[in-house]
Amino acid sequence: MIYFDNSATTKPYKEVLDSFVKVSSDYFGNPSSLHSMGGQAEKLLSQAREQVASLLKVKANEIYFTSGGTESNNIAIKGAAFLNQHKGRHLITSSIEHASVREAMEYLEQEGYEITILPVDKNGIVSALDVEKSIRKDTILISIMQVNNEIGTVQPIEEIGKILKNFPSILFHVDAVQAVGKIPVSLYENRVDLCSISAHKFHGLKGTGALFIRDGLRLTPLFSGGNQERKMRSGTENVAGAVAMAKALRMTMEKSGVGIAEMKIIQNLLRRGLTDMEGIQIHTPERYTAPHILNFSLIGIKSEVFIHALEQKGIFVSTTSACSSKKKSPSKTLLSMGVPENLADSAIRISLSFDNTEEEAKAVLIAIEKIANQLRKVMK
Ligand SMILES: Cc1ncc(COP(=O)(O)O)c(C=O)c1O
C-alpha cells in the first residue's frame with residue numbers, strides 16, 4: 001500500500017494513539033469536576049495547551065482547543081464578524097479558501113455582511129497588493145489561508161501581515177491547517193490575530209484542533225453551554241484528544257528538519273517524472289509551494305477513473321480536497337487559476353507525509369505511466 005493522500009488526512013503516530021488510550025482510560029475525569037480526578041484531567045489539559053503554545057511560539061492562554069480546522073475557521077470568522085458588526089460589516093477573503101472559510105463567508109453575506117473575494121493569479125496565489133487595495137473603512141476581518149489544500153501554493157501571509165500593521169483594527173485570520181509542520185507558521189511576526197490548525201493533518205486524531213486567538217482579543221462564541229475554554233468554546237473538553245494533538249505536533253516539529261528536506265526531494269522526483277511523461281499538465285507551480293502537495297492533470301482522463309485504477313495497484317491519491325472529492329464538481333482552486341474545466345476534471349492530487357519514501361514515488365510514477373497508457377489505448 002502506498003498512501004499519497006496525506007492532505008486529506010494522515011495516519012496517527014503510534015505514540016499519539018498510545019497517549020490517547022492512556023489518558024482516556026487512566027485520566028477520564030471531567031476537567032471541570034472539583035475532585036482530584038477532575039484536577040488531574042485539568043492539569044493534563046493545561047500541559048497540552050502549554051506544549052501546543054510553545055511549539056507555535058505563542059502563549060498558552062492564546063490556544064483554544066476545538067474539534068478541528070472547520071470549527072476553528074467558523075469560530076474565528078463568525079465570532080469576529082458578530083463581535084465587530086458595530087465597527088463594520090466588510091470582510092476580505094480569497095477565491096481558493098477551504099469550504100469551511102468560503103461557506104462561513106457565504107453565511108455572513110446572507111446575514112447582511114459584504115464579502116470581497118480576491119482572485120488568484122495563474123499560479124494560484126493571492127496578491128498582497130489586492131488585499132491592500134480592497135481594504136475599506138468598514139473592513140473588520142481578512143481571512144487568507146497559508147497553504148492551499150488542493151495545489152499546495154503558499155500565500156503571502158508575511159506581506160499581508162506587514163500591510164496590516166498599518167490597520168490595527170482589522171483582524172487577520174490565517175487557516176494554517178495545511179501549513180503546520182510543512183512551512184514555518186510565524187504568528188506574532190506576521191501580525192496574525194487568529195489561526196486555525198487541525199491535528200489529523202499532522203498525525204494526530206480526527207476531531208481535534210485548535211484556534212489561536214491573540215492575547216486580549218475576544219470573539220462572540222458560537223456555542224452556548226458550560227463556558228469551557230474560557231467561554232470561547234463550550235463543551236466538555238476532549239482531554240485525551242488535546243494531549244494526543246500536543247504529542248503529534250511535537251513529533252511533527254521534531255521530524256520536520258529532515259522530513260521537509262526529504263519531502264522536497266520526493267516532490268521534485270515526482271515533478272521531474274511527470275514532466276517527462278506525455279499528456280500531463282502540472283498545476284502546482286515550482287515556486288511558492290509547500291513541500292507536500294503536487295497537483296496535475298492527465299489530459300483526457302477523468303480523475304475518478306484514474307484514482308480507481310491507481311487504487312487497484314494499492315496506491316491512494318485524491319482528486320481535489322477530501323471534503324469535496326466525492327462531489328463531481330471540478331476544483332474551485334483550479335478554476336480560479338484559469339485552468340479550463342475539462343482539465344480541472346482530470347486533476348489528481350498527490351500529498352506526502354514524512355513517512356513516504358523515494359522508492360514509493362518511483363513506484364507511483366511507473367504505475368501512473370502504465371495506467372495512463374492503458375486507459376488511453378482503451379479510449380482510442
Ligand atoms: C486548508 C484546510 N482548512 C480546513 C480544513 C478542515 O479541517 P478539519 O478536517 O479538521 O475540519 C482542511 C481539511 O481538509 C483544510 O485542508
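Index from 1, following the sequence. Both ligands and their constituent atoms are indexed starting at 1 by order of listing.
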Next on the checklist: Would you call the rings of His203 and Tyr13 parallel, tilted or perpendicular, taking 30° and 60° as the class edges?
Outcome noted: parallel

Next on the checklist: If we set the cut-off at 4.0 Å for heavy atoms, which region of Val101 has an atom near ligand 1: side chain, backbone, both, or neither?
Outcome noted: neither

Checklist entry - Considering only heavy atoms, does Glu71 approach ligand 1 within less than 4.0 Å through its side chain, its backbone, both, or neither? => result neither

Any N or O on [X] sitting closer than 3.5 Å to an N or O of ligand 1?
X      : value
Asp175 : yes
Ser198 : yes
Gly68  : no
Thr70  : yes

Item to check | Beyond-backbone contact of Asn123 with Arg287, side-chain heavy atoms, under 4.5 angstrom | outcome: no

Next on the checklist: Around atom NZ of Lys165, are there more than 12 heavy atoms from other residues, nucleotides or ligands closer than 6.0 Å?
Outcome noted: yes

Checklist entry - For atom 13 (C) of ligand 1, which candidate among Glu150, Gln178, Lys206, Lys201 holds the nearest heavy atom? => result Lys201

Got a donor-acceptor contact below 3.5 angstrom from the [X] side chain to the [Y] backbone?
X      : Y      : answer
Ser127 : Asp130 : yes
Glu229 : Phe65  : yes
Asn148 : Ile96  : yes

Checklist outcome for this item: One finds that the ligand 1 atoms under 4.0 Å from a non-hydrogen atom of Met145 are 1 (C)

Item to check | Atoms of ligand 1, numbered as shown, that sit under 4.0 Å from any heavy atom of His200 | outcome: 8 (P), 9 (O), 10 (O)

Item to check | Atom of Arg49, atom of Arg230 and distance for their closest heavy-atom approach | outcome: NH1-NH2, 3.2 Å

